[in-house]
*Asks:* 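Following this message is one structure expressed as structure tokens.
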Amino acid sequence: MTALDPLQPFRLDGRVAIVTGASSGLGIRFAEVLAGVGASVVVAARRADRIEALAKKIDGVAVTCDVVETDDRARLVDTAVQRFGRVDVLVNNAGVGVPEPAESESPERFGEVLAVNLTSAFALCQLVGRHMLEAGRGSIVNVASILGIVSAGQIPFPSYGASKGGLIALTKELAGQWSRRGVRVNALAPGWFESEMTAEMFADERSLNWIRRKAPMGRPGEAHELDGALLFLASDASSYVTGQVLAVDGGWTAV
Ligand SMILES: NC(=O)c1ccc[n+]([C@@H]2O[C@H](COP(=O)([O-])OP(=O)(O)OC[C@H]3O[C@@H](n4cnc5c(N)ncnc54)[C@H](OP(=O)(O)O)[C@@H]3O)[C@@H](O)[C@H]2O)c1
């Protein structure tokens, strides 16, 4: 009799994953984690030197890509399909966000943030989704944020919050449309993690103290604390899970 191996569904041997925004912060970690359990990973971002170094490290493929550019998105997905013949996992991680009060953020800037965080993510879901639907399998992980669920309050993020809230709604819509055809779509909603995006907050003791005060667990997250949630959503370990938002936030959205 074969022993039960509950960890086996978390493995991604022979699978192909695309990770956007893999030139810094969480995206680097996500790509390393997926490669660490056997996936071939195609990493994308605008800073070519960084993704090339990462691709070398994880034996993956780098595609320089501005996710707001239609041709770049097509080249990214085409490269993955031509190189490996399939895409099993898409991690829509590329994102931007700078605090700005609602009364002063220009509608133009608002639109630019949505273009990166929401419209590009939709376009990539669509491009990759077509391949996944044809294959009858696939898992999409949209990296949203707790700020798509709740307001940060003192830190103003109108466009960012709207884009991440939209990404969560899109996740549910796509799950609804594609779940009978083998394609699952879920969202990961991180709390506060150190990265280029949050560098100023993490360098400022008052901001850090604010996070410590507000987070039920009394601290920000550490990058490795997203590993399990990402792997769960990306792999067959979550084969009966779709349209969900998994917050990894030390309890931020629970209270
Ligand atoms: N850190 C947190 O606390 C936190 C919390 C919740 C959610 N998130 C989300 O997690 C994701 C990763 O953020 P992070 O914290 O790791 O920030 P980060 O270090 O600033 O990384 C952002 C990544 O997105 C890429 N990117 C931005 N605009 C792009 C574009 N137009 N085309 C292609 N790539 C683009 C950047 O690469 P290039 O500049 O090289 O293109 C970079 O690799 C984001 O979606 C963010 O909203 C982060």
Side-chain angles (χ1 to χ4, degrees), residues 18-33 41-55 62-77 90-99 109 111-124 141-152 155 157 159-168 170-171 187-203 207-208 210-211 214-215 219-226 229-230 233 245-250 252-253:
I18 294 176
V19 180
T20 66
S23 60
S24 73
L26 307 184
I28 293 181
R29 180 86 192 179
F30 293 156
E32 288 181 336
V33 166
V41 186
V42 179
V43 290
R46 291 167 300 181
R47 284 169 289 182
D49 52 336
R50 295 214 185 176
I51 51 168
E52 275 157 18
L54 176 61
V63 179
T64 310
C65 168
D66 184 334
V67 293
V68 301
E69 299 293 337
T70 308
D71 291 350
D72 283 14
R73 291 191 301 257
R75 195 165 38 76
L76 169 60
V77 179
L90 167 65
V91 182
N92 266 321
N93 169 72
V96 290
V98 179
R109 172 68 194 153
E112 285 163 13
V113 173
L114 260 73
V116 177
N117 294 2
L118 182 56
T119 312
S120 302
F122 168 65
L124 280 166
V141 182
N142 290 322
V143 181
S145 165
I146 53 168
L147 302 184
I149 303 171
V150 294
S151 164
I155 306 176
F157 270 123
S159 56
Y160 186 77
S163 70
K164 297 299 187 178
L167 191 57
I168 288 171
L170 175 68
T171 297
L188 183 61
W192 302 97
F193 289 82
E194 190 166 10
S195 70
E196 285 182 8
M197 188 183 281
T198 56
E200 272 185 37
M201 283 186 80
F202 277 76
S207 304
L208 267 179
W210 175 77
I211 294 174
K214 277 201 69 169
R219 62 173 178 84
E222 292 180 24
H224 72 86
E225 293 179 301
L226 288 164
L230 173 81
L233 294 178
V245 186
L246 181 44
V248 180
D249 63 357
W252 192 279
T253 50

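Whatever order the structure lists ligands and atoms in, that order sets their numbers, starting from 1.
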*Asks:* Just to be sure I read this right, does ligand 1 sit under 4.0 Å from the backbone of D66, its side chain, both, or neither, counting only heavy atoms?
*Replies:* both
*Asks:* At less than 4.0 angstrom from any non-hydrogen atom of T198, what atoms of ligand 1 do you find?
*Replies:*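 So the answer, numbered in order with elements, is 1 (N), 2 (C), 3 (O).
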*Asks:* Do the side chain of N93 and the main chain of V19 share a donor and acceptor less than 3.5 angstrom apart?
*Replies:*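 No.
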*Asks:* Hey, which atoms in ligand 1 end up nearer than 4.0 Å to a heavy atom of S24?
*Replies:*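 Answer for ligand 1: 18 (P), 19 (O), 21 (O), 42 (C), 43 (O).
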*Asks:* Does C65 come within less than 4.0 angstrom of ligand 1, counting non-hydrogen atoms of the residue?
*Replies:* yes
*Asks:* Heavy-atom contact under 4.0 Å between A144 and ligand 1?
*Replies:*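 Per 4.0 Å heavy-atom rule, A144 contacts ligand 1.
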*Asks:* Would you mind checking which non-hydrogen protein atom is closest to atom 37 (O) of ligand 1, with the distance to 0.1 Å?
*Replies:*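 Closest protein heavy atom to atom 37 (O) of ligand 1: S23 OG, 2.8 Å.
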*Asks:* For a 4.5 angstrom cut-off between non-hydrogen side-chain atoms, does V143 reach P190?
*Replies:* yes
*Asks:* Starting from atom 34 (N) of ligand 1, which protein heavy atom do you reach first, and at what distance in Å?
*Replies:* A94 CB, 3.7 Å
*Asks:* Using a plain distance cutoff, I'd like to know if F193 has any nitrogen or oxygen under 3.5 Å from a nitrogen or oxygen of ligand 1.
*Replies:* yes
*Asks:* Is the closest side-chain heavy-atom distance between L54 and E32 below 4.5 Å?
*Replies:*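 Yes, their side chains come closer than 4.5 Å.
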*Asks:* Would you indicate whether the side-chain heavy atoms of F30 and L226 approach each other to under 4.5 Å?
*Replies:*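 Yes, at least one pair of side-chain atoms sits under 4.5 Å.
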*Asks:* Show your working on side-chain contact (heavy atoms from CB on, under 4.5 Å) between L76 and T20 and close with a plain yes or no.
*Replies:* CA-CA 9 Å; L76 169 60; T20 66; 4.1 Å; yes
*Asks:* Salt bridge or not between E112 and R109? Use side-chain N to carboxylate O under 4.0 Å.
*Replies:* yes
*Asks:* Quick test: of every protein heavy atom, which one is nearest to atom 14 (P) of ligand 1, and how far off is it to 0.1 Å?
*Replies:*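 The closest heavy atom on the protein side is S195 OG, 3.4 Å.
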*Asks:* Taking atom 22 (C) of ligand 1 as the point of reference, which of G95, G25, A48 owns the nearest heavy atom?
*Replies:*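 Among G95, G25, A48, the closest heavy atom to atom 22 (C) of ligand 1 belongs to G95.
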*Asks:* Classify the angle between the aromatic ring planes of F157 and W192 as parallel (below 30°), tilted (30 to 60°) or perpendicular (above 60°).
*Replies:* tilted
*Asks:* Hey, is ligand 1 close enough to P190 that some N/O pair sits below 3.5 Å?
*Replies:*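 No, no N or O pair falls under 3.5 Å.
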*Asks:* Can you list the atoms of ligand 1 that are under 4.0 Å from a heavy atom of N93?
*Replies:*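 By the 4.0 Å cutoff, the relevant atoms are 10 (O), 11 (C), 12 (C), 44 (C), 45 (O).
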*Asks:* To check you understand the geometry: which heavy-atom pair defines the closest contact between R73 and A123, and what is its length?
*Replies:*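 Between these two residues, the closest heavy atoms are NE-CB, 3.3 Å.
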*Asks:* Are the side chain of N117 and the backbone of V96 linked by a donor-acceptor contact shorter than 3.5 Å?
*Replies:* yes
*Asks:* On a heavy-atom basis, I'd like to know which of L167, L26, V67 is closest to atom 32 (N) of ligand 1.
*Replies:*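 Minimum heavy-atom distance to atom 32 (N) of ligand 1 goes to V67.
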*Asks:* Compute the shortest N/O to N/O distance between G21 and ligand 1 and return yes if it is under 3.5 Å, no if not.
*Replies:* yes
*Asks:* Give the numbers and elements of all ligand 1 atoms closer than 4.0 Å to a heavy atom of V96.
*Replies:*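 That gives atoms 27 (C), 28 (N) of ligand 1.
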*Asks:* For ligand 1, does A22 get within less than 4.0 Å through its side chain, its backbone, both, or neither, judged by non-hydrogen atoms?
*Replies:*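 It is the backbone that gets close, since no side chain atom is under 4.0 Å.
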*Asks:* Would E194 count as a polar contact of ligand 1, with the cut-off being nitrogen or oxygen pairs under 3.5 Å?
*Replies:* no
*Asks:* Within a strict 4.5 Å, meaning less than it, do heavy atoms of the P220 and E194 side chains meet?
*Replies:* no
*Asks:* I'd like to know whether ligand 1 has K164 as a neighbour, heavy-atom separation below 4.0 Å.
*Replies:*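 K164 counts as a contact of ligand 1 under the 4.0 Å cut-off.
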*Asks:* Looking at side-chain heavy atoms only, is the closest gap between F193 and R29 below 4.5 Å?
*Replies:* no
*Asks:* Do any heavy atoms of G191 fall under 4.0 Å from ligand 1?
*Replies:* yes
*Asks:* Which pair of non-hydrogen atoms, one from G95 and one from V116, has the smallest distance, and what is that distance?
*Replies:*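 Reported closest heavy-atom pair: CA-CG1, 4.2 Å.
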*Asks:* Are T20 and ligand 1 in contact, using a heavy-atom cut-off of under 4.0 Å?
*Replies:*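 Contact absent.
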*Asks:* Just to be sure I'm reading this right: ignoring hydrogens, which of F30, F157, W192, Y160 gets closest to atom 8 (N) of ligand 1? Compare them by their nearest heavy atoms.
*Replies:*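 When every heavy atom of F30, F157, W192, Y160 is considered, Y160 comes closest to atom 8 (N) of ligand 1.
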*Asks:* Polar-atom distance check: R47 versus ligand 1, any N or O pair below 3.5 Å?
*Replies:* yes
*Asks:* State whether the side chain of R46 and the backbone N or O of S23 hold a donor-acceptor pair below 3.5 Å, judged by distance alone.
*Replies:*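 It does not hold such a pair.
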*Asks:* Ignoring hydrogens, just give me the one of R46, E69, E112, M197 whose non-hydrogen atom is nearest atom 13 (O) of ligand 1.
*Replies:* M197
*Asks:* Determine whether a donor-acceptor pair (N or O, by modelled atom type, separation under 3.5 Å) exists between the side chain of S195 and the backbone of G25.
*Replies:* no
